[in-house]
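Below is one structure, written out as C-alpha cells; the observations come after it.
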Amino acid sequence: HPLPLDRLPGTHNPSNYTSSIIPVVEWEDIIDFLKSKHGFTKGKLLQWVSSEYNFSENAFAVTIPTANFSMFLKKGSQILIEPEKGLQAGDLGLFATNIQIVTIYQILMDGNDIYIKSINPEIKSIKLLPENFIFLGSIIEVRFVLNQAKGNKSSELIKAKSLVPIKAT
C-alpha cells in the first residue's frame, strides 16, 4: 500500500503520467533530423524517451557523445531539446554553425544583444552570438549518467579494494 500523503511532508510525489514521447537522434544526425523530420523518422529512429514535460512534435533527445562538454554533462547523458522554445537568458541552447558543427552554449542577454558562453569550464570566453550560428533549441531536461563502470579501471580498483576485509582494531 502507498504511504499516506501526510506521512512524509515535503517529499516528491512522482506521477506515472507521461506527457511526451520524443525520438533519440544521433549527435551527427541532428541537422538532418531537423531538416526532414518526417522522412528521417522512417529509417533511423530506433529509440524513444518519455517525459512529463509537454514537448512539441519537433522535440528530440540526443546522447552526449564525449566528455568534452562540461563536468555535469558526462558522456552518455541524454539531453531533451525543445526547438519551439525561444531564447531566454540563462538557458542552455543547442547551436549549429553554417558548417554544421553542433554544440551547447549558455545563453546570456544584455538588452537586445545575445551572448553565448561555453559550458566547458576550461573555456572562459563570452562572445556575441555569431551571425553564422543557428539556434536549434533549448535544453529542457537532462538525464545524467553519474558514472560509467564499463572499462573504467579506477572503479574496478575501488571495487576490488572494497572486497578486502577490514581488520578491527
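Only heavy atoms go into these numbers, but all of them, side chains included; no hydrogens, no water, no symmetry mates. From a predicted model like this one, the values you see are computed outputs, not experimental measurements.
Counting heavy atoms from C-beta outward, Ile114 and Leu128 have side chains that stay 4.5 Å or more apart. Within the 4.5 Å cutoff, no side-chain heavy atoms of Thr63 are placed close to those of Glu26. Between Ile107 and Leu92 there is no side-chain heavy-atom pair separated by less than 4.5 Å.
Taking each heavy atom of Ala59 and Pro23 in turn, the nearest pair found is O-CD, 3.6 Å. Between Ile64 and Leu73, the closest heavy-atom pair is CG2-O, 3.8 Å. Residues Ile81 and Leu136 approach most closely at CG2-O, 4.3 Å, considering heavy atoms. Residues Pro83 and Asn58 come closest through the heavy atom pair CG-O, 3.2 Å.
Distance alone, capped at 3.5 Å, is enough to place a donor-acceptor pair between the Glu82 side chain and the Glu84 backbone.
Both Ile139 and Trp27 are members of a single hydrophobic cluster when ILVMFWY side chains are connected at heavy-atom separations under 4.5 Å. The cluster map of Ile, Leu, Val, Met, Phe, Trp and Tyr, joined by side-chain heavy atoms under 4.5 Å apart, puts Ile119 and Ile116 in different clusters. Leu108 and Ile123 are not part of a single hydrophobic cluster, where members link through side-chain heavy atoms under 4.5 Å apart. Taking hydrophobic clusters as Ile, Leu, Val, Met, Phe, Trp and Tyr residues chained together by side-chain heavy-atom distances below 4.5 Å, Ile31 shares a cluster with Ile79. Tracing side-chain contacts under 4.5 Å through hydrophobic residues (I, L, V, M, F, W, Y), one reaches Phe33 starting from Ile134; they form part of the same cluster.
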For Val24 and Val62, what are the C-alpha separation, side-chain angles and deciding distance, and is it a side chain to side chain contact (heavy atoms under 4.5 Å, CB included)? CA-CA 5 Å; Val24 178; Val62 293; 5.9 Å; no
In sequence, state the C-alpha distance, the side-chain angles, and the governing distance for Leu87 and Met109, and then conclude on side chain to side chain contact (heavy atoms under 4.5 Å, CB included). CA-CA 9 Å; Leu87 291 167; Met109 296 183 157; 3.8 Å; yes
Worked check of side chain to side chain contact (heavy atoms under 4.5 Å, CB included) between Ser20 and Asn54: CA-CA 6 Å; Ser20 300; Asn54 190 20; 4.0 Å; yes
Hey, mind stepping through Gln47 and Gln78 against side chain to side chain contact (heavy atoms under 4.5 Å, CB included) and telling me if it holds? CA-CA 12 Å; Gln47 185 181 3; Gln78 283 186 329; 3.8 Å; yes
Check the pair Phe55, Phe60 against ring pair (Phe, Tyr, Trp, His ring centres under 6.0 Å), reporting the backbone distance first and the verdict last. CA-CA 9 Å; Phe55 282 97; Phe60 62 97; 9.6 Å; no
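Applying the side-chain contact (heavy atoms from CB on, under 4.5 Å) rule to Ser138 yields the partners Lys85, Asp91, Phe135, Ile140; only residues at least two apart in sequence or on another chain are considered.
Aromatic ring centroids of Phe133 and Tyr105 lie under 6.0 Å apart.
Side chains of Glu52 and Ser19: a donor-acceptor N/O pair is absent below 3.5 angstrom, by distance only.
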